[in-house]
Amino acid sequence: EVQLQASGGGLVQAGGSLRLSCAASGFTIDDYAIGWFRQAPGKKREGVSYIRSSDGSTYYADSVKGRFTISGDNAKNTVYLQMNILKPEDTAVYYCATDFASGPCTVAGGRIWCFGSWGQGTLVTVSS
């Protein structure tokens with residue numbers, strides 16, 4: 001069974017840092033794309049950052065470029081999202097997803113991404 005377990009959220013002051021973890025089971029992260037998404041209250045879910053090891057692709061939303069870094073640890077089968085210089089507008093529930101099961105496709109960073117398997121979210125709150 002494919003599972004994604006997101007963790008690492010919490011309350012942090014503006015300018016601070018958090019590292020989110022997405023622990024995968026039932027598949028190997030090296031073989032599939034992993035993406036981080038977020039949804040703030042009253043807003044649509046948005047893609048934050050994606051990674052696909054098979055072709056070295058990464059994607060960052062403009063709003064997080066230069067502040068967030070996505071990476072994977074194959075030994076732990078876990079993908080991380082290092083978030084630095086956090087802003088109040090980063091406050092949201094963060095989700096991770098994979099294309100193990102293909103979902104609706106989008107083009108981001110010049111690549112096609114089709115996330116169809118989702119984990120539960122972790123709440124990030126950035127205070128001003």
Side-chain angles (χ1 to χ4, degrees):
E1 180 185 5
V2 171
Q3 289 189 338
L4 296 168
Q5 181 77 32
S7 62
L11 174 63
V12 64
Q13 288 189 331
S17 298
L18 281 175
R19 189 179 76 160
L20 304 184
S21 300
C22 177
S25 59
F27 70 101
T28 301
I29 61 168
D30 204 31
D31 295 332
Y32 296 91
I34 303 291
W36 283 100
F37 297 76
R38 67 186 180 187
Q39 187 166 20
K43 294 189 176 181
K44 292 184 178 180
R45 185 176 64 197
E46 65 171 335
V48 176
S49 183
Y50 313 151
I51 186 169
R52 181 165 52 215
S53 299
S54 61
D55 62 7
S57 298
T58 57
Y59 162 79
Y60 294 95
D62 288 343
S63 57
V64 307
K65 279 181 183 176
R67 300 188 298 121
F68 291 11
T69 303
I70 193 169
S71 63
D73 184 335
N74 291 338
K76 296 182 177 181
N77 214 34
T78 297
V79 171
Y80 303 100
L81 185 68
Q82 178 66 44
M83 307 187 296
N84 298 328
I85 317 174
L86 283 161
K87 304 176 181 180
E89 51 264 42
D90 295 318
T91 295
V93 177
Y94 284 71
Y95 301 87
C96 57
T98 180
D99 62 358
F100 182 89
S102 186
C105 296
T106 60
V107 177
R111 297 286 191 269
I112 297 175
W113 310 85
C114 308
F115 297 103
S117 300
W118 295 82
Q120 93 297 346
T122 185
L123 177 63
V124 172
T125 303
V126 184
S127 63
S128 57

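All values below were derived from every heavy atom in this structure, side-chain atoms included, with hydrogens, water molecules and symmetry-related copies excluded.
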Check: CD of Q13 to OG of S128: how many Å apart, nearest 0.5 Å?
Finding: 9.5 Å

Notebook entry, point to check: So, do Y50 and F115 sit near enough that their side-chain heavy atoms are less than 4.5 Å apart?
Noted result: yes

Item checked: Shortest non-hydrogen contact between S53 and D30, atoms and distance -> CB-OD1, 3.0 Å

Next item on the list: With sequence neighbours excluded, tell me which residues meet salt bridge (charged side-chain N to carboxylate O under 4.0 Å, His left out) with K65.
Entry: D62

Notebook entry, point to check: Would you say I34 and F100 make side-chain contact, with heavy atoms under 4.5 Å?
Noted result: no

Margin query: Quick check on the hydrophobic clustering: are I85 and V126 connected, directly or via other members, by side-chain heavy-atom contacts under 4.5 Å?
Written below: no

Next item on the list: For residues M83 and V48, determine if any side-chain heavy atom of one lies less than 4.5 Å from a side-chain heavy atom of the other.
Entry: no

Check: From I29 CD1 over to D31 CG, what is the distance, rounded to the nearest 0.5 angstrom?
Finding: 9.5 Å

Check: Side chains of T69 and Y80: closer than 4.5 Å at any heavy-atom pair?
Finding: no

Check: Does one hydrophobic cluster hold both W113 and W36, with members joined at side-chain heavy-atom distances below 4.5 Å?
Finding: no

Checklist line | Check: I51 and S49 side chains under 4.5 Å, non-hydrogen atoms | finding: no

Check: Looking only at heavy atoms, which two atoms of S127 and L11 are closest? And how far apart?
Finding: CB-CD1, 4.3 Å

Next item on the list: For the residue pair V79 and C96, establish whether any side-chain heavy-atom pair is separated by less than 4.5 Å.
Entry: no

Check: Less than 4.5 Å apart, any side-chain heavy atom of V64 and any of R38?
Finding: yes

Checklist line | Partner residues of R111 under the salt bridge (charged side-chain N to carboxylate O under 4.0 Å, His left out) criterion, sequence neighbours left out | finding: D55

Notebook entry, point to check: Between A92 and A40, which heavy-atom pair has the shortest distance, and what is it?
Noted result: CB-N, 3.8 Å

Notebook entry, point to check: Would the F37 and W118 ring centres measure less than 6.0 Å apart?
Noted result: yes

Margin query: Quick check on the hydrophobic clustering: are Y95 and V124 connected, directly or via other members, by side-chain heavy-atom contacts under 4.5 Å?
Written below: no

Check: Atom OG of S7 and atom OH of Y94: how far apart are they, to the nearest 0.5 Å?
Finding: 14.5 Å

Check: Rounded to the nearest 0.5 Å, how far does OG1 of T28 lie from CG of N74?
Finding: 8.5 Å

Next item on the list: Using modelled atom types only, decide if a donor and an acceptor are shared between the side chain of Q120 and the backbone of A6 within a distance under 3.5 Å.
Entry: yes

Check: From T91 OG1 over to L123 CG, what is the distance, rounded to the nearest 0.5 angstrom?
Finding: 8.0 Å

Item checked: I112, CD1: over 12 other non-hydrogen atoms inside 6.0 angstrom -> no

Next item on the list: Classify the ring geometry between Y32 and F27 as parallel (under 30°), tilted (30 to 60°) or perpendicular (over 60°).
Entry: perpendicular

Notebook entry, point to check: When rounded to the nearest 0.5 angstrom, what distance separates CG in N77 from CG in L4?
Noted result: 9.5 Å

Check: Minimum heavy-atom separation for V93 to G121, with atom names?
Finding: CG1-CA, 3.7 Å

